[in-house]
Amino acid sequence: MLKVNPDYLKLRGSYLFSTVARKVAASQAAHPDRQIIRLGIGDVTLPLTPTVVAAIHKAGDEMAHAETFRGYAPDLGYGFLREAAAAHDFKARGCDIAADEIFISDGAKSDSGNIQEIFSRDCRIAVCDPVYPVYLDSNVMGGRTGDFDEAKQQWSRVIYLPCTAANAFSPELPSEVPDLIYICSPNNPTGTAMKKERLQEWVDYANAHGSVIIFDAAYEAYISDPEVPHSIYECSGARTCAIEIRSFSKNAGFTGLRLGYTVVPKDLKDADGTALRDLWARRHGTKFNGAPYIQQRAGEAVYSEAGQTEIRGLVSYYMENARTIREGLAAAGYTAFGGIDSPYIWMQTPDGLSSWEFFDRLLEEASVVGTPGSGFGPSGEGYFRLTAFGTHENTKAAVERLQRL
Ligand SMILES: *Cc1c(COP(=O)(O)O)cnc(C)c1O
């Protein structure tokens with residue numbers, strides 16, 4: 001008798017963005033004359049930079065000639081990109097990570113969703129609340145759930161780490177010991193980042209308890225505070241407890257191109273001494289046929305001097321928007337967080353409105369779209385996420401509308 005995987009039936013409605021899209025479409029249909037400004041979904045808007053585009057053309061041309069044609073890429077990634085990432089992202093920051101500990105993929109979403117496959121089904125996981133939904137949903141698919149508590153909106157076998165204004169959005173060490181700990185810094189959705197001292201406490205905790213930290217550094221390029229680490233391997237002891245996930249999406253605009261990587265150090269082992277690196281390489285080699293050559297050459301170009309200058313330009317364009325939003329909200333008396341080391345602003349909803357009530361009010365009265373914080377977890381209730389990925393013009397206009405609300 002055919003049956004689907006029962007763990008997939010446990011997935012809770014993460015219909016956040018489809019509900020947003022439905023409400024926006026209804027509002028536009030009711031008021032066709034209104035210009036709706038979207039500061040909701042976390043996708044970049046600026047085009048790829050010239051150095052990246054030149055690398056794409058060159059790699060495409062190579063494919064047209066027998067001598068330079070490339071078939072299947074090595075499934076763990078081309079040496080030229082693994083070497084460039086090791087040199088630029090780690091050695092240049094004093095982190096001890098080698099090219100053969102770096103596994104190239106089609107992006108951080110796949111890696112952060114797939115990494116749980118190499119761990120035992122009875123592992124306990126800890127996630128921040130609010131959370132990037134992929135960490136939780138991929139573990140639900142993997143069967144690490146227990147019962148769902150409707151009142152708390154939480155799974156019994158998942159440890160939730162509330163991140164609110166009370167703890168400056170930096171999770172406290174848990175009282176029950178998790179096996180896997182997901183940390184995203186700079187954080188989506190709260191826009192805040194962990195300082196090195198705080199991250200070091202998590203690394204020490206993980207080493208003391210035999211836990212593994214899965215560190216998502218997708219927004220590393222947005223860090224401006226010198227006390228915020230760009231990599232978890234800046235913390236001492238991280239080689240024995242941490243996996244790091246990186247993306248070319250938010251720094252270099254590859255959301256549509258697709259490229260990322262995961263670092264699994266050779267020193268990282270389970271309680272029986274099995275090297276996680278070897279399992280991840282095995283998993284990658286079995287289920288993934290390598291990121292495309294053209295994309296990997298585009299990624300290599302990001303690390304060139306010209307590429308680095310260009311992506312700094314992209315990041316500063318978006319961070320100018322972040323400043324516009326932060327300052328505009330503060331001037332209008334709103335309380336808001338983030339936007340210093342990340343392109344997200346996490347504002348408190350005014351007048352005690354729920355996240356969705358504020359969403360509806362903002363859409364109806366100002367035609368501005370954001371994301372309700374409660375969609376990222378119960379501790380997101382009463383918050384609202386705005387992104388800095390719009391144009392300068394739209395961002396200014398949206399902030400003026402918020403101020404008139
Ligand atoms: C956008 C985002 C990603 C996705 O990155 P891709 O490389 O485009 O798959 C991963 N993690 C977080 C927290 C993100 O916000």
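Both ligands and their constituent atoms are indexed starting at 1 by order of listing. A quick note: this is a predicted structure, and the numbers were derived from the prediction, not measured.
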Q) Hey, looking at atom 15 (O) of ligand 1, which of Y182, Y219, Y132 has the closest heavy atom? A) Y219
Q. If hydrogens are left out, which of R246, R258, K250, K109 has an atom nearest to atom 2 (C) of ligand 1, that is, the closest non-hydrogen atom?
A. K250
Between [Y] and [X], is there a cation-pi geometry (under 6.0 Å to ring centre, at most 45° from the normal)?
X: R283; Y: F103; answer: no
X: R239; Y: Y233; answer: no
X: R385; Y: F376; answer: no

Q: Evaluate the ring planes of Y344 and F389, with Trp represented by its six-membered ring, and classify them as parallel (under 30°), tilted (30 to 60°) or perpendicular (over 60°).
A: perpendicular
So for [X], does at least one of its heavy atoms come nearer than 4.0 angstrom to any atom of ligand 1?
X: F248; answer: no
X: D216; answer: yes
X: S112; answer: no

Q) Any side-chain heavy-atom pair from S224 and I340 closer than 4.5 angstrom? A) yes
Q) Taking heavy atoms and a distance under 4.0 Å, where does C184 meet ligand 1: side chain, backbone, both or neither? A) side chain
Q. Near A108, which atoms of ligand 1 are under 4.0 Å from a heavy atom of that residue?
A. 5 (O), 6 (P), 7 (O), 9 (O), 10 (C)
(Q) With heavy-atom distances below 4.0 Å as the criterion, list the atoms of ligand 1 near G107. (A) 7 (O), 9 (O)
Q. Are I181 and Y205 close enough, and set up right, to give a side-chain contact (heavy atoms from CB on, under 4.5 Å), and what steps lead you there?
A. CA-CA 11 Å; I181 301 161; Y205 174 92; 4.2 Å; yes
Q) Among protein heavy atoms, which sits nearest to atom 8 (O) of ligand 1, and what does the distance come to when rounded to 0.1 Å? A) S249 OG, 2.5 Å
Q.
Taking distance alone, with N or O pairs closer than 3.5 Å, would you say S110 contacts ligand 1?
A. no
**Q.** Ion pair check, K287 and E117, cut-off under 4.0 Å
**A.** yes
